[in-house]
Amino acid sequence: MPNSPGDKPRRITVQRKGPLLVEGPVEVELEDGSTVASDRFRVALCTCRRSRRYPWCDTSHRDRV
């Protein structure tokens, strides 16, 4: 996703003990260099790495709260 001067910045919402909420659409580059994309208006990115759908949050963090 190239950045141009007219692009608005993406808003990322940090939640304590929860996922990062990112205004979409987004493309995420994983550690192995592969990419996954979502065209949703907002996505939840897992920060605890417990999600079975990583990098997307599936609320697995709630089991440990």
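Distance alone, capped at 3.5 Å, is enough to place a donor-acceptor pair between the R10 side chain and the P25 backbone. Judged by distance alone, with hydrogens and angles left aside, the side-chain atoms of S51 form a donor-acceptor pair with the main-chain N or O of W56 at under 3.5 Å.
Counting all heavy atoms, side chain and backbone alike, L21 lies closest to Q15 at CD1-NE2, 2.9 Å. Smallest separation of non-hydrogen atoms from T47 and P19: OG1-CA, 4.4 Å. Contact detail for H61 and C48: the closest heavy-atom pair is CB-SG, 3.8 Å. Minimum interatomic distance between E27 and T35 (heavy atoms only, all atoms of both residues): CG-CB, 4.2 Å.
Atom CZ of R62 is separated from atom SG of C57 by 7.5 Å, given to the nearest 0.5 angstrom.
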For L20 and V14, what are the C-alpha separation, side-chain angles and deciding distance, and is it a side-chain contact (heavy atoms from CB on, under 4.5 Å)? CA-CA 5 Å; L20 291 176; V14 178; 3.7 Å; yes
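When the side chains of ILVMFWY residues are joined at heavy-atom separations under 4.5 Å, either directly or via intervening members, I12 and L30 end up in a single hydrophobic cluster.
When the side-chain contact (heavy atoms from CB on, under 4.5 Å) test is applied to R11, the partners found at least two apart in sequence or on another chain are T13, E23. Residues passing the side-chain hydrogen bond (donor to acceptor under 3.5 Å, both in side chains) test with S34, sequence neighbours excluded: D32.
Applying the salt bridge (charged side-chain N to carboxylate O under 4.0 Å, His left out) rule to pairs touching residues 34-49 yields E31-R49, sequence neighbours excluded.
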